[in-house]
A.B. asks: 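Just passing along the structure, written as structure tokens.
Note that these values count all heavy atoms, side chains included, but never hydrogens, waters or copies made by symmetry. For ligands, and for the atoms within them, numbers begin at 1 and follow the listed sequence. Given the structure is predicted, the values throughout are model-derived calculations rather than measurements.
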Amino acid sequence: MDVSTREQWSHIVDETISAQPRVGRQLLAMVKGLGDITDGFSVNQMQHALQTATRAERDGADEEVIVASLLHDVGKLISVPNHPRIAAEILRPYVRHEVYCMVAYHQDFQGRYYYEYLGMDPDLRAQHVGEPWYELAERFADVWDQKAFDPAYPSETLEHFEPMVLRVFAQAKSL
Ligand SMILES: [Fe+2]
């Protein structure tokens with residue numbers, strides 16, 4: 001890099017910008033990959049992702065929230081214990097801050113339903129009371145995410161969400 005030129009960097013920037021659609025496509029492939037993960041739940045992780053996003057959309061959530069709902073557990077492809085932060089970091093440049101926080105801290109809110117069975121504090125969400133994104137995170141966890149394990153629920157297909165994913169990941173709003 002110490003011998004690179006302005007012209008070379010201009011070329012790299014142009015190429016990188018024109019390659020941006022691969023981000024959305026890669027994430028759609030990752031959601032498909034979640035179909036290989038069930039880990040004892042009543043639906044696989046792709047079905048859970050589709051069901052969470054469908055519930056959000058049917059409740060009138062906006063596009064960033066719907067896409068974040070689809071991707072909120074995509075980090076499980078890599079590592080379950082820290083999966084919320086993996087997904088949140090993927091989303092961070094492309095969504096507003098409250099949507100990032102909704103995903104980053106979703107496990108603290110989900111804990112209400114099962115942390116007692118794991119010897120953990122089920123009220124970890126209490127530490128976030130007063131945050132401007134609290135209400136959205138609570139709605140996400142209580143109304144969409146924790147309910148999205150119903151094998152009989154009529155979810156939309158991944159193709160339904162594809163244009164939304166490509167739009168949200170078309171351009172980073174921040175670094
Ligand atoms: Fe989830």
A.B. asks: Tell me which N, O or S atom from D145 is the closest to the Fe ion (ligand 1).
C.D. replies: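 The D145 atom nearest to the Fe ion (ligand 1), restricting to N, O or S, is OD1.
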A.B. asks: Verify side-chain contact (heavy atoms from CB on, under 4.5 Å) between H160 and E57, making sure each step is shown before the conclusion.
C.D. replies: CA-CA 11 Å; H160 171 82; E57 184 178 19; 2.7 Å; yes
A.B. asks: Less than 6.0 angstrom separating the ring centers of Y100 and Y94, yes or no?
C.D. replies: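 Not close enough - the centres of the two rings lie 6.0 Å or further apart.
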A.B. asks: Would F41 and H48 count as a ring-ring contact (aromatic ring centres under 6.0 Å, His included) if you check the C-alpha gap in whole Å, the side-chain angles of each, and the deciding distance to 0.1 Å?
C.D. replies: CA-CA 9 Å; F41 287 95; H48 172 65; 7.3 Å; no
A.B. asks: Are R139 and D59 side-chain neighbours, meaning at least one heavy-atom pair lies under 4.5 Å?
C.D. replies: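 Answer yes - side chains close enough.
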A.B. asks: Is there an N/O/S atom in H106 that lies less than 2.8 Å from the Fe ion (ligand 1)?
C.D. replies: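 Under 2.8 Å: H106 has no N, O or S contact with the Fe ion (ligand 1).
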A.B. asks: If you look at D73, which of its N/O/S atoms is nearest to the Fe ion (ligand 1)?
C.D. replies: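 Per the distance ranking, D73 contributes OD2 as its closest N/O/S atom to the Fe ion (ligand 1).
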A.B. asks: Kindly give the atom name of the N, O or S atom of H72 closest to the Fe ion (ligand 1).
C.D. replies: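 Going by distance to the Fe ion (ligand 1), the closest N, O or S atom in H72 is NE2.
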